[in-house]
Structure formats: structure tokens, C-alpha cells
Amino acid sequence: MLPELKGLVDLQELDKVIRGIAQEMEKLPEFLETETARLQEMKAEYAAAAQELEDLKSQRRATEGDIAELEESIKKSRQRLMEIKSNIEYRAMLKEIAYKEDQRDKTETRLLEGLELLEAKTKALAALDQEILEQQAILAQEDEKIKAQLKELKKELAGLEKKRGVLRKVVPSQLLKRYEFIRERRNGTAIAAVREGVCLGCNMNILPQQFIDLQKGEEILQCPHCQRMLYWLDEMAEEAVN
Ligand SMILES: [Zn+2]
């Protein structure tokens, strides 16, 4: 194989590894982003629940006020009862007291129901608070992990880039340009092997004369279908390796 073609094959191998690492680095923060969004949702949920709790508390105070007012009113009516002389008025006042007592009892029932709800909501809020703390801990841990992973990958990438620089020096600049040009248009693969007359880049047959020329290994050929630069995958050599 021509040394510059061999250089390109090695370069392509390396470029593929570099590309894979770059993609991995891009994907790493995705989990963190999803979990951060989840935390924001939880915080919004918490704020809404806390507001609801505040509303319930002021409702409770209002109900307690209503009960106190009714009690006061009942007390006054009872006092007035002592001063009433007329039978009709007396009975009317008794009726009024009975009505107010009924109102008070109903309001007390409402208060108790409200207190139960308040208790349940308080517990739910505390649970949500705990969940938020846990989520924050997960995020902090994940953030650390990702930072460490990114650092590792960056280091690996720097080493590979260095190696890439050395390899690129072996290949003539015109050929490098062609390599980059095809690579950009062929999803990262500019060099393809040919096995039994078939380009493994596009799985189509190259011309019979091309295959003969390719085996001579004197020039760099391109696939007539996908334009990738070709090298011959010598079956004999392959078998020897295996
Ligand atoms: Zn091809």
C-alpha cells in the first residue's frame, strides 16, 4: 500500500475515535439537564403547595373568628333572654339561639375538616421538601461525576489530537484536503476498503479495470459511486492475520 494511503487509513481510524469522543462529551450533560429541569418542576410544585398551605391557614383563622363571633352572639342572646317578659318574644329568642348554635356546630365541623386537610398538606409539603433535597444531592453527585468524566475525555482527546498532528504530516497537503472534503460529505468515512471488487463504503462494485489497478497499488483511486478513496483489502493478508 502507498505510504500516504496507509497514512490516511490510520488518520481516518484516529478521526473516528476523536469524533466518537466529541459526541460522547456532547451527550454527557444531557442527563444533568433533564434532572435540573425536574428539580425546577419540583420547586415550582413546592411553591404552589406552600401557597395553598398558607391559604388554608388563613381560612382556619377566619373560621375560628367566625366561631368566636357566634359564641359571643349566643352569650349575649342568653343574657337578653333573662330580661324578656313576653312569651312570644321569649320563644322567638330561644329559636334564634338554637339557630346560632346550629350555625356554630356546623362551623366547628368545617374547622375540624379544615384542620385535617391542613395536617395532610403540611405532611405532603415536608415530603416534597425532602424530595427536593434528595434531588439536589443527586444533581451535585452527577455534576461531580460528569466533570471528572469530561476532564478524562479532554485529556484523552488532547493526546489523540497530538497523534493526529503527527499523522497529518505524513500525508501530502493536497491529499489531506481531498480526504477532508470527502469525509465531510460521507459521514466521516473518506477511505473505504475494497473486498472482491466491492467498495465497502457503498457496497457497490467498482470497475474491473479499477480493481486490477487497485491491486497494483501504484495510485490512489476513488470509488465511481461514492467517491471514497479506496484501498485493497487483501484477503490473503487478512487470512494471515486471522
Ligand atoms: Zn463506494
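Just follow the structure's listing: the first ligand is 1, and inside any ligand the first atom is 1.
- In summary, R104 and E69 do not engage in a salt bridge, as defined by a charged side-chain N under 4.0 Å from a carboxylate O.
- Ion pairing of R78 with E101 is present here, as a side-chain N (NZ or NE/NH1/NH2) and a carboxylate O approach within less than 4.0 Å.
- Side-chain contact of D55 with Q51: a donor-acceptor pair under 3.5 Å is present, judged by distance alone.
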Worked verdict on R19 versus K16 for side-chain contact (heavy atoms from CB on, under 4.5 Å):
CA-CA 5 Å; R19 191 165 146 154; K16 279 185 178 174; 5.6 Å; no

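- For R183 and F181, the positive end is not near the middle of the six-membered ring at less than 6.0 Å and at most 45° from its axis.
- Partners of K145 under the side-chain hydrogen bond (donor to acceptor under 3.5 Å, both in side chains) rule, at least two apart in sequence or in another chain, do not exist in this structure.
- For the Zn ion (ligand 1), the nearby protein N/O/S atoms, meaning those under 2.8 Å, are C199 SG, C202 SG, C223 SG, C226 SG.
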